[in-house]
Structure formats: structure tokens, C-alpha cells
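Here's the structure we're looking at; comments come further down.
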Amino acid sequence: MSGMERSTTCPLPADVSCKRIGVEDTIPLRHSVLWPNEEMSRVQLPEDETGYHFGAFVPAQGDPVAVISLFREMVPGEETIDNAARFRKFACDPLCQGRGIGTLLLQEVFRFAFTELGARVIWCDARASAAGWYERRGMQKFGQPFFKGAVEYVRMKGRADELAV
């Protein structure tokens, strides 16, 4: 975080704005939420410089309370789909989880992928513990579960035109 005192509460989604940000603005929240006990490099991706990065912001706080990154990337095993987008490193401040802020940010990314990138499919590697959350937002599991370290993951995907509503 930028050194600003973080709020101990998080507003409702009506007070949230979502916008594109620089990759450097995603790193602190990615690290503190996704892999806090690992080196900072664990949350940096070689393709970050070619991605599209988004943040959710609340009033009176300069740092994003949720971040997500989007990349043009084919769906594994479905190379016939000519335009796909993958989102990665989706993180929401624990104080703001369960308030609809992550959902708003994800919807913004779905819209961007469909309308700006022309994506037909959107996919991600999701922690298995979060698969139900993604299913409630219109995505479906595909492929076999796998592990990154001790954390189990599943692949999730959805049609961009259906997700971008």
C-alpha cells in the first residue's frame, strides 16, 4: 500500500469506481492477499507489461481495494477459439470481501474483454476454494484440478457475450 492509513471498513458497491491502472498499482494488493508469505516476485508475471490491469477504488483511499489483470491468451486445449482472454491475479482486500466489490470489478473486466478485445471466451485458473464464487457469476469448471504449491486450482471459463452483461 502507499503508506496511507487503510480504512477498517469498506463501503457498499455504489461508492466504488473501477478503472484501468498500471501494473505497479496491482502488486501490493496481489502480494498481501494472494501470497503474503512468499517473495513479492511470486505475484509478478512475465507478461504483466502486455496486460490490461484494473482496480476498484473507494472514496478517500488512494490505493485500490481490489485488483485484477487481463491478458489475451488462448484457452488450454481449445486452440480453435480464435480470441480468448484470461484474467489473473484477482485480489480483494479482506476488509472489502463480501460487499460486491470484487463482483463489480470482475464484471468490468468481462465487459472490457468482450467489447474492447473482442474476446469470445474468458477463462482463469481459480483456487478450488473459490470455484463456487465464479460459478455463481456464470463461469464453469473445465479440465482437471491441479496444484500450485500446496494450493489446489481448477480452470474456469465462460462465453464472453454471456459474462459481459
Original post:
Strictly by modelled atom types, are His53 and Ser69 linked by a side-chain donor-acceptor pair under 3.5 Å?
Top reply: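 Side-chain D/A pair, His53 to Ser69: present.
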Original post:
Arg111 and Thr115: side-chain donor and acceptor closer than 3.5 Å?
Top reply: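 Note: Arg111 and Thr115 side chains miss the donor-acceptor criterion.
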**OP:** Test the Arg127-Trp35 pair against the cation-pi criterion, namely NZ or CZ under 6.0 angstrom from the six-membered ring centroid and within 45° of the ring axis.
**Re:**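 The answer is yes; both the distance and angle limits are met.
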Original post:
Hey, does the Lys NZ or Arg CZ of Lys19 hover above the aromatic six-ring of Phe57, less than 6.0 Å from the centre and inside 45° of the axis?
Top reply: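 Judged by the rule, Lys19 and Phe57 form a cation-pi pair.
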Using a strict 4.0 Å threshold on nitrogen-to-oxygen distance, state whether [X] and [Y] make a salt bridge.
{"X": "Arg20", "Y": "Asp25", "value": "no"}
{"X": "Glu78", "Y": "Lys157", "value": "yes"}
{"X": "Arg42", "Y": "Glu39", "value": "no"}

Note, [X] side chain near [Y] side chain (heavy atom, < 4.5 Å):
{"X": "Gln107", "Y": "Phe112", "value": "no"}
{"X": "Thr26", "Y": "Phe54", "value": "no"}
{"X": "Val23", "Y": "Glu49", "value": "yes"}
{"X": "Phe87", "Y": "Phe110", "value": "yes"}
{"X": "Ile101", "Y": "Val16", "value": "yes"}
{"X": "Val109", "Y": "Phe90", "value": "no"}
{"X": "Arg72", "Y": "Leu117", "value": "yes"}
{"X": "Val154", "Y": "Phe142", "value": "no"}

Original post:
Pairs in or reaching into residues 136-151: which pass salt bridge (Lys or Arg N to Asp or Glu O under 4.0 Å), with residues at least two apart or in two chains?
Top reply: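 Residue pairs with at least one partner in residues 136-151: Asp125-Lys148.
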If hydrophobic clusters are built by linking Ile, Leu, Val, Met, Phe, Trp and Tyr wherever their side-chain heavy atoms come under 4.5 Å apart, do [X] and [Y] end up in the same one?
{"X": "Leu34", "Y": "Leu29", "answer": "yes"}
{"X": "Tyr134", "Y": "Ile68", "answer": "yes"}
{"X": "Trp133", "Y": "Val65", "answer": "no"}
{"X": "Leu106", "Y": "Trp123", "answer": "no"}
{"X": "Tyr153", "Y": "Val33", "answer": "yes"}

Smallest separation among heavy atoms of [X] and [Y], with atom names:
{"X": "Ala119", "Y": "Ala84", "answer": "CB-C, 4.3 Å"}
{"X": "Pro64", "Y": "Val67", "answer": "CG-CG1, 3.6 Å"}
{"X": "Gln97", "Y": "Cys92", "answer": "NE2-O, 2.8 Å"}
{"X": "Cys124", "Y": "Arg86", "answer": "CA-CG, 4.4 Å"}

Would you give me the side-chain donor-acceptor pairs under 3.5 Å for residues 158-165, sequence neighbours excluded?
unit_1 : atom_1 : unit_2 : atom_2 : d
Arg159 : NE     : Asp161 : OD1    : 3.0
Arg159 : NH1    : Glu162 : OE2    : 3.3
Arg159 : NH2    : Asp161 : OD1    : 3.2
Arg159 : NH2    : Asp161 : OD2    : 2.6

[X] side, atom [atom1]; [Y] side, atom [atom2] - distance, nearest 0.5 Å:
{"X": "Met156", "Y": "Ile122", "atom1": "CE", "atom2": "CD1", "result": "13.0 Å"}
{"X": "Asp48", "Y": "Glu24", "atom1": "CG", "atom2": "CD", "result": "10.0 Å"}
{"X": "Leu104", "Y": "Cys18", "atom1": "CG", "atom2": "SG", "result": "5.5 Å"}

Donor-acceptor pair, distance only, cut-off 3.5 Å: does the side chain of [X] make one with the backbone of [Y]?
{"X": "Arg30", "Y": "Val43", "value": "yes"}
{"X": "Asp15", "Y": "Val58", "value": "no"}
{"X": "Gln140", "Y": "Gly138", "value": "yes"}

**OP:** Give the C-alpha distance, both sets of side-chain angles, the deciding distance and a yes or no for side-chain contact (heavy atoms from CB on, under 4.5 Å) between Arg155 and Phe146.
**Re:** CA-CA 9 Å; Arg155 290 212 160 115; Phe146 60 97; 3.8 Å; yes
